[in-house]
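Below you'll find the structure, written out as structure tokens, and then a few comments.
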Amino acid sequence: MTERYDPGAVETKWQKRWEETRLYNVDIDGAEDPFYNLMMYPYPSAEGLHVGNVYAFTGADIHGRFKQLQGHTVFEPIGFDAFGIHSENFALEKSTHPMELIPSNIKNFTRQLKRMGFMYDWDRMVDVTQPEYYKWTQWIFLQLYKAGLAERRQAPVNWCPSCKTVLANEQVIDGACERCGSEVEQRFLDQWFFKITDYAQRLLDNLEWIDWSDSTKRLQRNWIGRSEGADIDFEIVGHPDKKLRVFTTRPDTLFGATFMVLAPEHPYVAAITTADRRAAVDAYVENVLAMDLVERRKAGEERQKTGVDTGAKALNPVTDEEIRIWVADYVLMEYGHGAIMAVPAHDERDFEFAKSYDLPIRIVVIPADQYEGFDPSAELKQAFTEHTEDEVLVNSGKFDGVPAAKAIREITDWLAEEGRGSHAVNYRIHDWCISRQRYWGPPIPAIHCEKDGVVPVPEEDLPVVLPYVENFKPDESGVGPLARSAEFFNVRCPRCGGPARRETDVSDTFLDSAWYFMRYPSTEKHDVPFDAERTAKWLPVDMYIGGEEHAVLHLMYSRFICMALHDLGHLPFEEPYHRFRKHGLILKEGAKMSKSRGNVVIPDEYVERYGADTFRTYLMFLGPYEEGGDFREQGITGISRFFDRVWDAAAGPLGDGEPETPELEQKLHATIKKVTEDVAGLQYNTAIAAMMEYLNEARAGGRTPRRSEIGPLVVMLAPFAPHLAEELWQRLGHTGSIFTGAHWPAYDEKLAIADQVDVAVQVNGRLRATIRMPRGASEDDVRQKALAEEGVKRHMNGKEIRKVIFVPDRLINIVVG
RNA sequence: GCCCGGGUGGCGGAAUCGGUAGACGCGACGGACUCAAAAUCCGUUGGGCUUCGGCCCUUGAGGGUUCGAAUCCCUCCCCGGGCACCA
């Protein structure tokens with residue numbers, strides 16, 4: 001009788017050995033058949049590793065180990081996303097400093113991650129808060145600046161009048177400051193933007209060929225928000241020098257444009273407003289601008305649309321009618337041209353507005369079957385927005401009777417010919433504002449000179465080191481805390497040598513994470529952000545696994561940065577991640593985990609009690625990896641028992657020879673096939689179930705399995721339970737690590753198939769018997785045996801057979817009547 | 001409002017190119033071992049009826065297609081996520 005399985009002892013032993021033998025430290029330059037296995041590096045919170053982190057990393061680690069066992073050299077790096085508002089706020093809350101807080105958090109995370117047994121190459125750890133790293137984050141900024149992809153312009157920020165601080169959007173909850181609850185105001189500040197909108201179409205197009213989860217692609221498509229339509233120019237009565245340009249997706253409704261609406265911020269508002277309307281317009285605009293963006297959005301959802309007449313008129317370019325120009329806040333300056341042609345008959349918002357202010361509504365699109373005898377005076381109860389081939393135009397001059405879908409093209413073509421419009425595409429995605437009026441981030445490497453304006457920091461002066469600032473709390477000045485350090489911001493202009501002021505904003509933490517995976521293979525290279533040869537060898541990432549909450553921020557930004565660096569000649573590829581798979585979310589007893597609910601699973605506690613292997617495997621067992629699952633305290637005992645049984649079956653002395661019976665051999669091959677396919681497809685829960693099933697069979701009747709029966713199981717278990725597998729591998733008589741010594745088991749396709757099958761026998765589609773047949777039995781044989789079954793005879797009741805459906809090896813259905 | 005994903009035993013979940021629904025595990029019940037308990041092992045476990053041979057019902061609800069539907073189609077309900085005055 002062998003001793004009991006002691007996870008604690010086994011895991012300590014192997015973690016020590018892995019470290020001593022440097023098992024997971026990859027020979028970056030010499031590695032053959034490289035596989036870059038990436039997971040989303042964590043933010044090192046003070047609370048320590050969250051079970052969500054463990055879930056994400058375990059699934060990714062299993063994939064890495066699986067690839068390793070298949071013969072690849074797997075590079076699995078880890079780092080820490082340690083800059084950002086989270087850390088800064090936490091430090092504020094605890095009255096400590098991020099520069100002290102972060103290293104201790106990282107230390108704790110490192111301990112916890114090592115305890116989980118992930119195959120990280122710790123020599124290549126990346127901490128984005130180290131000048132060694134953010135030097136290159138700043139370098140990326142300079143490259144984008146040189147290429148014209150970074151620019152400074154005014155933009156609104158959220159301002160809390162009570163805390164006297166700038167807030168990030170994430171800190172504004174329903175229009176109020178998350179800390180004090182006061183209403184947030186809008187301020188305009190100079191900010192740095194990356195022109196991601198220049199890449200909108202490419203970001204969209206490449207989604208066609210990259211191998212990503214469909215749902216993630218869909219989120220990105222929605223975020224990019226491509227709309228096709230037309231730009232149309234309207235003349236303004238009395239202002240021959242001005243053309244009012246609008247974007248519309250519905251040029252087919254142009255004849256129904258009965259008024260126009262400008263956004264309150266539109267530059268023409270002041271110029272075209274007539275004298276008698278000026279007071280009203282000014283009051284309205286002022287009122288709207290006083291609202292912050294969040295409040296305005298919220299107000300828009302709740303209240304009726306408001307607006308005001310400018311008194312000015314425009315000419316509808318196709319009807320030549322004079323139509324009124326209004327200002328209303330339901331038109332947004334940041335989309336299209338900040339102005340619209342309003343077609344109340346065919347747009348819900350315009351309809352609502354027209355009803356409120358008694359503006360004319362003209363129907364120009366109707367269902368084709370109502371075309372004959374259409375009554376132009378008919379009144380609409382709501383906007384009619386259909387515009388397919390089944391709707392046709394009316395009241396539209398020479399386009400009467402043309403199907404709407406066709407008219408969209410024809411009217412645009414016609415306007416284009418006459419120089420009054422053009423085909424146009426608009427995107428919903430906005431430029432990426434990277435400025436943060438905060439402390440805990442990499443300083444943006446720019447200098448403001450009175451004489452030379454914005455001057456980028458010369459590359460040889462990088463990094464611009466983030467100084468230790470005692471008081472890093474944001475204040476009412478509206479600029480970042482670095483503006484308090486004269487030592488930091490007083491500089492000489494690199495161009496003219498005159499007095500200048502250093503940029504005191506830091507960059508968004510999403511810029512750090514946009515390229516961290518490029519740094520891993522080159523961590524010890526100090527003269528380049530990423531070594532060209534290594535980058536060519538290891539990148540793009542072969543597999544990236546992470547949470548879908550980053551689908552539109554991190555994943556979009558890093559694709560953009562990668563594309564931009566590619567275009568600037570720094571990278572040989574334009575998409576950073578070959579494959580991306582999202583993992584699901586872990587719930588606790590059906591509910592989301594949160595501190596306030598008090599139902600947070602602390603990994604340490606479970607690892608202590610059951611061991612890392614059991615915890616890892618349980619997490620993978622509780623649901624499909626890509627969908628997540630429900631963590632239940634009791635469930636973990638199932639895996640615990642399973643591993644006890646594996647241990648009992650494999651840890652003691654074993655018999656030699658082939659698998660004892662043909663049935664068991666068949667089951668073994670079928671299991672290898674199933675587990676191989678499931679693990680490759682991230683279907684870990686069913687892979688584990690298949691291994692359990694096999695073990696149950698191999699141990700049936702209390703027998704001890706043979707070495708040949710249990711060896712392959714140990715290898716298949718290795719990605720899930722690496723420590724246990726190492727120990728059993730050794731006990732099976734091997735020396736060295738299973739991860740270098742073993743190869744993922746192969747299966748024989750023929751042996752994987754059973755030679756006896758249970759065939760279902762149905763009468764009129766209802767199951768009446770099951771018969772055991774040799775695989776591949778003919779329809780005649782199956783039919784003969786089926787008809788002899790008592791239950792079948794009874795239900796046929798002597799009736800005539802009308803039809804027989806036969807599915808080989810599965811089913812025969814006898815239809816009588 | 002728009003776009004996704006999902007609804008299966010007491011529970012987590014299997015099975016979707018239409019072909020034996022409920023794999024695997026948890027829990028529960030019964031038994032063995034034990035002075036006893038824990039652990040372990042064996043058996044039972046969707047619901048109802050049963051003359052113990054079986055029979056009927058069952059995958060959110062209702063309809064449809066089919067020899068056959070958890071799976072396909074239509075209508076609807078509920079839950080989760082994303083976007084949202086985007087012209």
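The structure presented is a predicted model; accordingly, all values stated were derived computationally and were not measured. Chain letters run A, B, ... following the sequence lines, proteins first and then strands; every chain starts at 1.
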[X] side-chain proximity, nearest of [options]:
| X | options | value |
| --- | --- | --- |
| A:Arg766 | B:C57, B:A23, B:U20 | B:C57 |
| A:Leu332 | B:C85, B:G82, B:G13 | B:C85 |
| A:Ala689 | B:C55, B:A23, B:G12 | B:A23 |
| A:Arg428 | B:A14, B:C41, B:C83 | B:C83 |
| A:Lys803 | B:G81, B:G13, B:C67 | B:C67 |
| A:Trp223 | B:A87, B:C83, B:C67 | B:C83 |
| A:Asn685 | B:C41, B:G13, B:A15 | B:G13 |
| A:Arg641 | B:G12, B:A14, B:U40 | B:U40 |
| A:Leu811 | B:C85, B:U20, B:A39 | B:U20 |
| A:Arg810 | B:C24, B:G81, B:G19 | B:G19 |

B:A87 phosphate, OP1 or OP2: any side-chain N/O from A:Ser227 under 4.0 angstrom?
yes
Using a cut-off of less than 4.0 Å, is there contact between a side-chain N or O of A:Arg221 and OP1 or OP2 of B:G82?
no
Can you tell me, in whole Å, how much space there is between the [atom1] of [N] and that of [M]?
| N | M | atom1 | value |
| --- | --- | --- | --- |
| B:G9 | B:A28 | C1' | 13 Å |
| B:C26 | B:G22 | C1' | 15 Å |
| B:U59 | B:G47 | C1' | 13 Å |
| B:G5 | B:C11 | P | 26 Å |
| B:G62 | B:C29 | C1' | 38 Å |
| B:G1 | B:U8 | C1' | 31 Å |
| B:G18 | B:C74 | P | 16 Å |
| B:G7 | B:C56 | C1' | 26 Å |

So, A:Glu800 and A:Arg802, do they make that salt bridge, N to O below 4.0 Å?
no
So that I can tick it off, tell me whether A:Glu352 and A:Lys355 are bridged by a salt bridge, with the cut-off set at under 4.0 angstrom between side-chain N and carboxylate O.
no
Checking all strands, does [X] fall into the base, sugar-phosphate, or nothing category for heavy-atom contacts under 4.0 angstrom?
| X | value |
| --- | --- |
| A:Thr248 | sugar-phosphate |
| A:Lys592 | sugar-phosphate |
| A:Asn813 | base |
| A:His795 | sugar-phosphate |
| A:Gln762 | base |
| A:Leu219 | sugar-phosphate |
| A:Asn696 | sugar-phosphate |
| A:Leu622 | sugar-phosphate |
| A:Phe621 | base |
| A:Arg226 | nothing |

Check whether the side chains of [X] and [Y] place a donor and an acceptor atom closer than 3.5 Å, and report yes or no.
| X | Y | answer |
| --- | --- | --- |
| A:Asp431 | A:Thr197 | yes |
| A:Tyr427 | A:Gln201 | yes |
| A:Asp350 | A:Tyr330 | yes |

Could you tell me how far apart [X] ([atom1]) and [N] ([atom2]) are, to the nearest whole angstrom?
| X | N | atom1 | atom2 | answer |
| --- | --- | --- | --- | --- |
| A:Glu589 | B:C26 | CD | C1' | 12 Å |
| A:Ile771 | B:G19 | CD1 | P | 19 Å |
| A:Arg632 | B:G25 | CZ | P | 18 Å |
| A:Trp326 | B:A87 | CH2 | C1' | 18 Å |
| A:Glu697 | B:C24 | CD | P | 10 Å |
| A:Tyr618 | B:G13 | OH | P | 9 Å |
| A:Glu334 | B:C85 | CD | C1' | 11 Å |
| A:Tyr684 | B:A23 | OH | C1' | 21 Å |

Parallel, tilted or perpendicular: ring planes of A:Tyr55 versus A:Tyr625, cut at 30 and 60 degrees:
tilted
Taking the six-membered ring for Trp, are A:His346 and A:Phe384 parallel (under 30°), tilted (30 to 60°) or perpendicular (over 60°)?
perpendicular
Check: A:Trp326 ring centre within less than 6.0 Å of A:Phe259 ring centre:
no
Tested for ring-ring contact (aromatic ring centres under 6.0 Å, His included) against A:Tyr618, the lone hit among A:Tyr610, A:Tyr606, A:Phe631, A:Phe720 is A:Phe631
Examine the base of B:C83 for any acceptor or donor lying under 3.5 Å from a partner atom in the side chain of A:Asn222, and report the outcome as yes or no.
no
Taking the nucleotide of RNA chain B with the closest heavy atom to each, which residue, A:Gln683 or A:Arg699, is nearer the 5' end?
A:Gln683
On RNA chain B, check which nucleotide each of A:Leu767 and A:Ile639 is closest to and give me the residue with the more 5' one.
A:Leu767
Short question: side chain of A:Gln762, backbone of A:Leu767 - any donor-acceptor pair under 3.5 Å?
no
With syn defined as a glycosidic torsion within 90 degrees of 0 and anti otherwise, which applies to B:G9?
syn
Could you classify B:G12 for me, syn or anti, using a glycosidic angle within 90° of 0 as syn?
anti
Can you give the dot-bracket line for RNA chain B, where a pair is Watson-Crick or G-U wobble with both atom distances under 3.5 Å, crossing pairs use [ ], and | marks a partner on another strand?
(((((((..(((......[....)))((((((.......))))))((((....))))..(((((..]....))))))))))))....
Heavy-atom closest contact (A:Ser213 atom, A:Glu626 atom, distance):
OG-OE1, 4.1 Å
